[in-house]
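Naming: A, B, ... by sequence-line order, numbering from 1 per chain.
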2 protein chains.
Amino acid sequence: MDARKRRILGTLIDDYIASAEPVGSRTLAKKYGLGISSATIRNEMADLEELGFLEQPHTSAGRVPSDRGYRYYVDELMQRPMVTHDIVHRVRLAFQAPVREIAWFIHQTARMVSDMTAYPSVVVGPPVSDARLGEIRVMQLQPGTLLLVVSTDSGMVENRAVSLPEELSFEELGWLAKEFSREFRGIPINELKDRILDPLSSDVERYHGLWETLLAWMSEWRLSEDRVTLAGPLNILKYPEFRDVSKVQRVLGFLERDDAVEQLLHNTVQDSEHIHVIIGQESTVDAIWDCSVVTATYQVRGQVVGQVSVIGPKRMQYAHVMTTLEIVSEELSRALKWA
Amino acid sequence: MDARKRRILGTLIDDYIASAEPVGSRTLAKKYGLGISSATIRNEMADLEELGFLEQPHTSAGRVPSDRGYRYYVDELMQRPMVTHDIVHRVRLAFQAPVREIAWFIHQTARMVSDMTAYPSVVVGPPVSDARLGEIRVMQLQPGTLLLVVSTDSGMVENRAVSLPEELSFEELGWLAKEFSREFRGIPINELKDRILDPLSSDVERYHGLWETLLAWMSEWRLSEDRVTLAGPLNILKYPEFRDVSKVQRVLGFLERDDAVEQLLHNTVQDSEHIHVIIGQESTVDAIWDCSVVTATYQVRGQVVGQVSVIGPKRMQYAHVMTTLEIVSEELSRALKWA
DNA sequence: ACTTAGCACTCTAGCTACAGGAGTGCTAAT
DNA sequence: ATTAGCACTCCTGTAGCTAGAGTGCTAAGT
């Protein structure tokens with residue numbers, strides 16, 4: 001791979017990303033001042049095809065980058081844009097709010113990213129499975145209705161209004177919540193179910209209904225309910241590679257399956273430094289083999305707890321997306337410092 | 001409109017709903033035992049076209065129902081299926097939970113309806129604008145973080161974790177929340193903003209930050225944030241009339257605009273008894289002129305507070321959808337009785 | 001007077017043939 | 001090593017054609 005080949009490959013991919021049309025040697029020679037003739041470019045392109053970086057849709061069409069071509073482009077060729085202070089400022093502003101709910105930040109992030117990139121965006125929140133119980137508290141709302149507030153050691157607070165088990169008074173419940181918190185503080189949420197069978201007190205039977213409710217809710221919660229937020233799915237419709245409805249169906253169908261998305265992103269990315277790119281068939285999920293996924297992580301207290309990611313056609317604006325995710329994930333981590 | 005015309009029109013629409021293909025006289029005569037020849041049907045169909053119930057895509061194609069045809073079908077012709085006890089039971093079961101959050105019921109409803117009908121479903125929750133303040137309460141979560149719980153007279157409870165204004169102690173806040181609740185109970189949520197300027201106490205200045213936060217949140221809330229829930233949007237992709245991506249874009253683009261959806265449904269339906277059907281160009285929103293919308297209302301304490309609705313191609317399974325919505329809205333009202 | 005068989009007519013969808021254009025690969029000259 | 005030139009390939013768009021489905025009308029039948 002000499003410099004000229006790299007130059008040609010880079011330029012070709014740039015052009016293809018912009019145009020979505022196979023790029024021919026002529027276009028390349030004329031449109032960009034490469035200082036070499038189309039014939040030379042043709043020779044180089046033949047080499048690049050042999051090396052597996054380019055493909056031809058058919059004999060007499062221009063070339064299109066292969067997965068491997070995109071990979072090389074992302075790793076070696078593309079020019080990352082400058083991070084302007086302006087954008088950082090805008091992102092920071094969007095996170096400036098008194099709200100202290102992770103869910104809120106996640107929604108905000110997903111929406112912002114899909115707006116900034118014009119691709120669908122997915123944000124995965126902190127795994128409840130890792131979280132340990134912090135405290136359970138109750139608040140009486142109306143007679144017969146109760147607000148159950150559960151906090152975890154990772155700073156998440158979730159709450160849910162439930163009906164009060166009839167045989168319990170509110171005072172008893174308050175005491176019970178205290179006891180329960182004291183007894184089980186620090187236990188991983190997803191182990192609670194087993195522990196609960198261990199009798200907490202002699203009248204465990206009495207509280208049965210409440211625990212049932214609590215556990216049902218928590219296990220539902222654990223199953224990535226609300227952990228994955230999808231924003232701007234319709235952005236995908238803008239790109240000509242998705243003019244075919246069945247493709248749209250495949251991709252959006254996958255994105256709607258929270259558990260599958262969570263698994264994909266969770267599996268691929270754990271290190272906090274790098275932005276991770278999955279290109280086409282590199283993915284383990286065949287539903288998105290026409291797509292690329294760019295993922296960044298964010299942290300709470302130095303721990304990677306979730307992913308921010310963008311999905312789009314393989315012909316994606318990698319440079320722009322990666323820089324955007326870099327900024328957003330950093331600012332998100334900063335905003336969540338307190339958690 | 002004699003009985004035979006009605007019979008033909010009904011059968012034709014049934015067939016078209018099932019097949020999505022223009023229906024010819026031959027098909028109609030052969031496939032359904034109408035006891036008359038295709039020539040007779042042709043004559044009748046010509047009449048029906050003149051009357052505006054049918055249309056021809058082009059001269060030598062079969063007929064397709066016009067908006068007016070569908071309207072007549074829905075109002076006069078179609079056969080409503082029996083309500084089986086089985087389905088009622090399933091719906092009732094889905095609402096059986098200790099959860100007491102309207103948002104939860106709304107999500108549940110939307111998902112269930114889109115599953116049952118295989119069309120996208122939209123559920124609009126109770127308008128916050130009508131709601132009056134019930135009570136504001138606070139709960140300390142961690143040092144510096146506060147859970148703000150606002151309940152309305154209509155039984156809605158919303159809460160949000162916010163950071164504690166630094167200059168206020170938790171005790172002061174508790175007192176403040178009480179004062180505030182006492183002072184403003186019964187005031188419509190969307191009037192609070194104006195009232196708040198009225199000094200509550202001499203040190204209103206001091207609490208400024210908190211009120212700002214509270215009001216900012218409430219006005220955001222008021223703006224139909226989370227009031228409209230969309231489920232199963234991808235169902236639309238199943239139907240051949242949406243094989244064209246631009247149509248999908250138009251329709252789903254509209255459905256994503258919560259405010260527009262809310263307005264449409266709110267404007268059309270207020271009476272509690274009937275199920276309302278909007279067919280094609282009957283809609284005020286041109287983005288959904290290829291669609292029909294079926295809407296039912298649900299109640300809390302005898303008051304209509306929201307809508308459950310289904311959107312799909314004009315060639316919709318009206319009978320099935322209407323019956324489903326009837327059951328679901330009734331059961332939803334029943335489940336929300338307490339609110 | 002209504003119904004229906006028959007038939008000519010219309011329009012579409014799908015096929016084939018063909019020309020133009022874009023792009024390639026190869027060869028030979030620079 | 002580069003490049004101009006050229007033959008070749010393949011797609012795309014257009015035009016013409018056919019088969020099929022469906023109609024409207026007419027005339028005969030009930």
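Straight-line distance from the CG atom of D2(B) to the C1' atom of dC2(C): 12 Å, rounded to whole Å. Taking atom NE2 of H58(A) as the reference point, atom P of dC10(D) lies 10 Å away to the nearest angstrom. Here dT3(D) presents its P atom at 7 Å from CD1 of I36(A), a figure rounded to the nearest Å. Note: CD (E21(B)) to P (dT12(C)) measures 15 Å, nearest angstrom. Rounded to whole angstrom, the span from the NZ atom of K5(A) across to the P atom of dA1(D) amounts to 11 Å.
Under the 3.5 Å distance criterion, with hydrogens and angles disregarded, a donor-acceptor pair is assigned to the side chains of Y32(A) and D15(A). A side-chain donor-acceptor contact under 3.5 Å links T323(A) and R80(A).
Remark: of the listed residues T11(B), V64(B), L54(B), V64(B) is the sole one forming a side-chain contact (heavy atoms from CB on, under 4.5 Å) with Y16(B).
Ring centers of Y119(B) and Y239(B): under 6.0 Å apart, within the cut-off.
Not one N or O on the side chain of Q263(B) forms a donor-acceptor pair closer than 3.5 Å with the backbone of A260(B).
Residues passing the salt bridge (Lys or Arg N to Asp or Glu O under 4.0 Å) test with D86(B), sequence neighbours excluded: none.
Within the structure, a side-chain polar atom (N or O) of T40(A) is placed less than 4.0 Å from OP1 or OP2 of dT3(D).
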Does the protein touch nucleotides 17-30 of chain C at the base, only the backbone, or not at all? Give it as B, S and - per nucleotide, heavy atoms under 4.0 Å. -----BSBB-----
